[in-house]
Amino acid sequence: MEITAGKLAELVGGTVEGDADVVINNFAKIEEAKKGCVTFLANPLYTHFIYTTEASAVLVRNDFVPEHAIAATMVRVEDPYATLAMLLNYISSQQERKRGVEQPCYVSEGVSLPDDVYVGAFAYIGKNVKIGKGVSIYPQCYIGDNVSIGDNTIIYPGVKVYHSCVIGCNCVIHAGAVVGGDGFGFAPENGEYMKIAQIGNVVICDNVEIGSNTTIDRATMGSTVIHKGVKLDNLIQIAHNVEIGEHTVMAAQVGVAGSAKIGAHNMVGGQVGFAGHIKVGDNNKFGAQSGVPNSIGDNCSVIGSPVVNAMDFARQTVYMKRLPELFKDVAAIKKSLTEDKK
């Protein structure tokens with residue numbers, strides 16, 4: 001990429017303040033940027049870097065008011081972070097995509113591959129698989145029988161998609177993820193555990209991204225469903241018959257137990273655990289390492305194990321920090337009362 005700050009502003013619908021002809025050829029964080037880089041200021045905690053950054057241009061909010069002189073050209077936009085995401089996606093889309101079928105790989109007889117598909121070496125594609133236009137299946141992937149993959153989905157190396165699962169359009173599944181492994185179903189019998197056959201599948205809707213080594217189990221009956229726009233980080237476990245609502249995001253190491261229903265537009269921090277068979281509403285925020293044993297409504301902000309309101313948790317944390325002092329005070333009072341009795 002090589003573009004002037006002025007052309008960049010035109011591309012993102014921004015306005016230039018400074019040298020519109022300065023040339024940009026790279027991206028960088030504001031504290032690390034050098035000449036030729038464009039960076040951004042979205043978090044107020046990083047404001048001090050804008051006065052020392054060596055970047056040639058900085059994306060800032062329309063209402064940003066500098067307190068000191070700034071050497072870099074400013075490009076004012078409504079949302080610097082969203083604008084940066086748009087730029088990075090634009091650059092990524094300009095990169096040439098792989099096409100064709102590499103050898104050796106195995107494609108079952110009768111499977112139709114669109115002309116613009118990519119299938120990497122050592123990939124396996126089972127019987128009756130349906131693959132949409134622009135799909136990329138990287139090396140060492142396993143696509144089981146009767147799987148359906150929508151247009152422009154990318155499946156990175158080493159992904160395993162078990163039989164009969166459905167993946168929508170414009171999805172990204174990162175390396176090592178497993179879609180459709182058996183749910184954890186065992187019935188106790190005579191001191192042993194008898195396996196319960198998992199005959200359902202996994203349905204992943206459009207525009208979903210699944211991180212590396214994340215696992216999504218197939219349903220016992222019916223479907224485990226990941227609705228459109230969901231973003232799952234690495235190392236997440238989604239159990240059988242779980243349903244995750246539209247545009248919910250989950251950070252790494254989240255675990256969702258069987259048959260839990262998670263609503264739309266939830267934000268879930270790392271290492272959060274959801275109990276099975278609960279129902280979670282929409283627009284909630286879950287702090288990292290939270291434990292969620294019971295159902296929750298809408299528009300809550302919670303943290304802790306078990307979860308409590310985030311403000312209550314903050315107050316409890318303050319009280320916990322004061323416990324040593326309080327114990328000393330109580331001991332002093334008891335000692336004083338004992339001495340008074342004497």
Practice item. Using modelled atom types only, decide if a donor and an acceptor are shared between the side chain of Ser92 and the backbone of Leu88 within a distance under 3.5 Å. Key: no
Check your understanding: Are Val280 and Ile244 connected in the hydrophobic side-chain network, where two residues link if heavy atoms are under 4.5 Å apart?
Key -> yes
**Study point:** N/O donor-acceptor pair under 3.5 Å between Thr53 side chain and Ile30 backbone
**Key:** yes
Exercise for review: Using a strict 4.0 Å threshold on nitrogen-to-oxygen distance, state whether Glu54 and Lys34 make a salt bridge.
Suggested key: yes
Exercise for review: Determine whether Ser336 and Lys334 make a side-chain contact, defined as any pair of heavy atoms from C-beta on separated by less than 4.5 Å.
Suggested key: no
Review point. Does Glu67 offer a backbone N or O that forms a donor-acceptor pair with the side chain of Tyr51 under 3.5 Å?
Key: yes
Review point. Counting N and O atoms only, with roles assigned by atom type, does the side chain of Ser295 sit under 3.5 Å from a partner on the main chain of Ile278, one being a donor and the other an acceptor?
Key: no
Exercise for review: Without swapping roles, check the side chain of Thr248 against the backbone of Gly263 for a donor-acceptor pair under 3.5 Å.
Suggested key: yes
Practice item. Using a 4.5 Å cut-off on heavy atoms from C-beta on, say whether the side chain of Asn43 contacts that of Tyr81. Key: no
Review point. Sub-3.5 Å donor-acceptor pair from the side chain of Lys261 to the main-chain atoms of Asn241, do we have one?
Key: yes
Study note, to complete from the structure: Tested for side chain to side chain donor-acceptor pair (under 3.5 Å) against Gln198, the lone hit among Asp182, Thr220, Asp217 is Thr220
Review point. Is any side-chain heavy atom of Thr83 closer than 4.5 Å to a side-chain heavy atom of Phe40?
Key: no
Practice item. Decide yes or no for Ile70 and Val58: does some side-chain heavy atom of the first lie under 4.5 Å from some side-chain heavy atom of the second? Key: no
Exercise for review: Look at the rings of His174 and Tyr156 and say which category their plane angle falls in: under 30° parallel, 30 to 60° tilted, over 60° perpendicular.
Suggested key: parallel
Point to revise | Donor-acceptor under 3.5 Å (Asn284 side chain, Asn299 main chain) | key: yes
Review point. Heavy-atom distance under 4.5 Å between the side chains of Asp282 and His265, does that happen here?
Key: no
Point to revise | Asn234 and Asn213, any side-chain heavy atoms less than 4.5 Å apart | key: no
Revision key, fill the gap. Scanning both residues in full, the closest heavy-atom pair of Glu102 with Pro139 reads OE1-CG, 4.4 Å
Check your understanding: Under 3.5 Å, is there a donor-acceptor pair between the Thr4 and Asp21 side chains?
Key -> no
Review point. Cut-off 3.5 Å, side chains only: do Asn170 and Asp206 have a donor facing an acceptor?
Key: no
Point to revise | Side chains of Arg218 and Cys165 in contact at under 4.5 Å (non-hydrogen atoms) | key: yes
**Study point:** Any donor-acceptor pair under 3.5 Å from Arg61 side chain to Glu78 backbone
**Key:** yes
Practice item. Output yes when a side-chain donor or acceptor of Thr214 lies under 3.5 Å from a complementary backbone atom of Asp233, and no otherwise. Key: yes
Review point. Is a side-chain N or O of Asp145 found less than 3.5 angstrom from the main chain of Lys127, in a donor-acceptor match?
Key: yes
